[in-house]
Amino acid sequence: MRRSTLVNWLLVLAVVALAALPLLVVQGEWGGADGVAQDAISESHPDYEPWFTSIYEPPSGEVASGLFALQAAIGAGIVGYYFGVARTKRRLGRGTTPQHPGDTT
Amino acid sequence: MHIAEGYLPPLHAAAWAVASAPFVVHGARAVVHQVRTDPDSKLLLGAAGAFSFVLSALKIPSVTGSCSHPTGTGLGAVLFRPPVMALLGTIVLFFQAVLLAHGGLTTLGANVFSMAVVGPWVAYGVYRLTRRAGGGLGLGVFLAAALGDLATYCVTSVQLALAFPDAVSGVGGAIVKFGSIFAITQIPLAVSEGLLTLLVVRLLVRVSPDELRRLGVLPRPVAPSTGESTAKEVGA
């Protein structure tokens, strides 16, 4: 494996570890920080009434998580498409002189 | 950092909307200008916006026992300068406000100000300072994305503190309170965002160095260079 590829995988591993370690080490509710902030507002300003409610609210947690997954999927699809196009363009553009000896096969 | 629908008093909501509006309009013009003058960068521009779309959908557990999400605006700010991200970030926030009941239309101005204006500008500033101080592309990108992410959540804390000052300690006390909810949760996530943005830029250096050269992220060489010299830039 090329050194830069190894570094890239280590970056991925570090991100996964940063997300997984708190789950193992910390005892938490794992609610959203946004919700925690809302609770803090209700606590310090019990009189405050939200004066507007969302025009559309996903009917259940399942539907909401589906929509979040859709958002991530659309984004990841476009990012992946870019890298596919860029990589292909670069390979075709280079023709018979590949950048790395390993790519010739 | 999404202030929920209706959770800012009308006056605050209006003030943040007024503050954000010029940045978004300017951002829209910047996007049009970018696409007109450099049509080949359209796809990368879309990918930068899509990166923010992905990252802001990911709720990640953090050390405080609650979850939060990165913003993904640092990448586009470094590649295309911050104005472009004002528009792209607004699109992301609008989508979440309308379809996911995450954030809100009344709080859109405030959320745009923190995520699509301050975050990208802090990221860009940090990037430029790091490069000027002699830091490499990799270090600059990492610090830009991480600190831009963190700055977004600090702004959210200040916005909530201004609207809901503490009865005893006032706005200052409330900043500390909301900061402890948002900013501390965000520190590991900011590091994650820095690492992910660094990863994407490393991959970009490998697959589209010409694009990065045109955007001025990689130095424009006098002689046509191969990918090898640019790969060294990020220690790839």
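In what follows, every heavy atom counts, from backbone to side chain, and hydrogens, waters and symmetry copies are set aside. So that the names make sense, note that chain A is the first sequence line, chain B the second, and so on, each numbered from 1.
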Side chain, backbone, both or neither: which part of [X] has an atom under 4.5 Å from a heavy atom of chain A?
| X | result |
| --- | --- |
| Gln96(B) | side chain |
| Leu203(B) | both |
| Val92(B) | side chain |
| Leu189(B) | neither |
| Ala48(B) | neither |
| Ser56(B) | both |
| Phe178(B) | side chain |
| Leu100(B) | both |
| Leu105(B) | side chain |
| Ala167(B) | neither |
| Glu193(B) | neither |

Looking at [Y], is its backbone amide N or carbonyl O close enough to the side chain of [X] to form a donor-acceptor pair, meaning the two atoms are under 3.5 Å apart?
| X | Y | answer |
| --- | --- | --- |
| Ser60(A) | Glu62(A) | yes |
| Arg90(A) | Ser208(B) | no |
| Ser180(B) | Lys177(B) | yes |
| Thr152(B) | Gly148(B) | yes |
| Asn111(B) | Ile3(B) | yes |

Top residue by heavy-atom pair count (under 4.5 Å) with chain B, among [options]?
| options | answer |
| --- | --- |
| Ser44(A), Gly35(A), Gly32(A), Ala37(A) | Ala37(A) |
| Phe52(A), Trp51(A), Phe83(A) | Trp51(A) |
| Asn8(A), Ile74(A), Val63(A) | Asn8(A) |
| Leu6(A), Val25(A), Thr88(A), Ile78(A) | Ile78(A) |
| Pro58(A), Ala17(A), Gly28(A) | Pro58(A) |

Top of [options] for chain A proximity - count of heavy-atom pairs under 4.5 angstrom:
| options | result |
| --- | --- |
| Ala47(B), Gly49(B), Gly46(B), Pro10(B) | Pro10(B) |
| Thr106(B), Val191(B), Thr185(B), Asp166(B) | Thr106(B) |
| Ala4(B), Gly104(B), Ser62(B) | Ser62(B) |
| Val63(B), Leu44(B), Leu99(B), Val98(B) | Leu44(B) |

Return the orientation label for the [X] and [Y] ring planes: parallel under 30°, perpendicular over 60°, tilted otherwise.
| X | Y | result |
| --- | --- | --- |
| His69(B) | His2(B) | tilted |
| His102(B) | Phe68(A) | perpendicular |
| His45(A) | Phe164(B) | perpendicular |

Heavy-atom proximity to chain B below 4.5 Å, by part of [X]:
| X | answer |
| --- | --- |
| Ser65(A) | neither |
| Thr5(A) | both |
| Val85(A) | side chain |
| Ala64(A) | backbone |

Worksheet item: Does the gap between the ring centers of Phe53(B) and Phe95(B) come in under 6.0 Å?
Response: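 Centroid distance Phe53(B)-Phe95(B): below 6.0 Å, so yes.
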Worksheet item: Step by step, would you call Phe182(B) with Val36(A) a side chain to side chain contact (heavy atoms under 4.5 Å, CB included)?
Response: CA-CA 9 Å; Phe182(B) 282 118; Val36(A) 177; over 6 Å; no
Item to complete: Sort out for me which residue in Thr71(B), Leu93(B), Thr73(B) forms a side chain to side chain contact (heavy atoms under 4.5 Å, CB included) with Ser52(B).
Response: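 It is Thr73(B); the other options fail the test.
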Discussion item. Go through it in stages, so that I can follow the logic: the residues are Trp16(B) and Gln159(B), the test is side chain to side chain contact (heavy atoms under 4.5 Å, CB included), and I'd like the CA-CA distance, side-chain angles, deciding distance and then a yes or no.
Written reply: CA-CA 9 Å; Trp16(B) 288 114; Gln159(B) 287 170 331; 3.4 Å; yes
Item to complete: Applying side-chain hydrogen bond (donor to acceptor under 3.5 Å, both in side chains), run through Arg206(B) and Ser4(A) and close with a yes or a no.
Response: CA-CA 10 Å; Arg206(B) 201 192 285 179; Ser4(A) 81; 2.7 Å; yes
Practice prompt. Please report the C-alpha distance between Val141(B) and Val200(B) in whole Å, then the side-chain angles of each, then the deciding distance to 0.1 Å, and finally whether the side chain to side chain contact (heavy atoms under 4.5 Å, CB included) criterion is met.
Written response: CA-CA 10 Å; Val141(B) 165; Val200(B) 169; over 6 Å; no
